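Questions regarding the structure given below will be posed in turn.
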Amino acid sequence: MTSALARIGTSRVRMVHFFWENIIREGDTIIDATCGRGKDSLEMCHRAVKLGAEKKGRFVGFDIQGSALEE
């Protein structure tokens, strides 16, 4: 049986999603200091903020690039 980390391999995206999956919990407060277009921000929000749930999480996003903020 291979370990979870072995299945991730060298993919940075799979590694980040693995950590989010095992660290972010419903009701957590999440801060994304480099939101960019928001794809990762949305993924983190889905993990922490569950509508209709007892514990509602919070998300705070920042970015210094004007083009990212406009989107």
Side-chain angles (χ1 to χ4, degrees):
M1 179 191 292
T2 58
S3 74
L5 290 176
R7 287 192 309 270
I8 292 169
T10 58
S11 168
R12 291 182 182 118
V13 172
R14 278 192 243 149
M15 181 176 62
V16 168
H17 286 200
F18 171 81
F19 286 113
W20 289 348
E21 197 174 292
N22 290 282
I23 293 171
I24 298 174
R25 296 289 174 246
E26 183 181 321
D28 284 354
T29 296
I30 305 300
I31 299 172
D32 186 351
T34 57
C35 290
R37 294 183 159 189
K39 185 177 177 182
D40 290 335
S41 302
L42 185 60
E43 180 68 29
M44 287 186 279
C45 281
H46 283 301
R47 296 183 185 284
V49 182
K50 307 273 186 184
L51 296 178
E54 215 171 285
K55 297 180 189 176
K56 290 186 181 174
R58 296 178 61 188
F59 176 82
V60 180
F62 301 93
D63 207 302
I64 61 169
Q65 296 179 356
S67 60
L69 295 173
E70 287 177 20
E71 286 191 43

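All of these numbers come straight from a predicted model, not from anything done at the bench. Just so it is clear, the values below take in all heavy atoms, side chains as well, and ignore hydrogens, waters and symmetry mates.
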(request) Kindly compute the distance separating CZ (Arg47) from CZ (Arg25), expressed to the nearest 0.5 Å. (result) 9.5 Å

(message) Please report the interatomic distance OG1(Thr34) to CZ(Phe62), rounded to the nearest 0.5 Å.
(response) 11.5 Å

(request) Rounded to the nearest 0.5 Å, what's the gap from CD1 on Ile24 to CD1 on Ile30? Could you check? (result) 4.0 Å

(request) Measure the spacing between CZ of Arg58 and SG of Cys45 and express it to the nearest 0.5 Å. (result) 12.0 Å

Would you be so kind as to tabulate the donor-acceptor pairs closer than 3.5 Å made by side chains of residues 12-23, with sequence neighbours excluded?
unit_1	atom_1	unit_2	atom_2	d
Arg14	NH1	Arg7	O	3.4
Arg14	NH1	Ile8	O	3.4
Asn22	ND2	Phe18	O	2.7

(request) Would you name the heavy atoms of Gly61 and Cys35 that are closest together and state the gap between them? (result) CA-SG, 3.3 Å

(message) Looking at Glu43 and Lys39, is any side-chain nitrogen of the basic one under 4.0 Å from a carboxylate oxygen of the acidic one?
(response) no

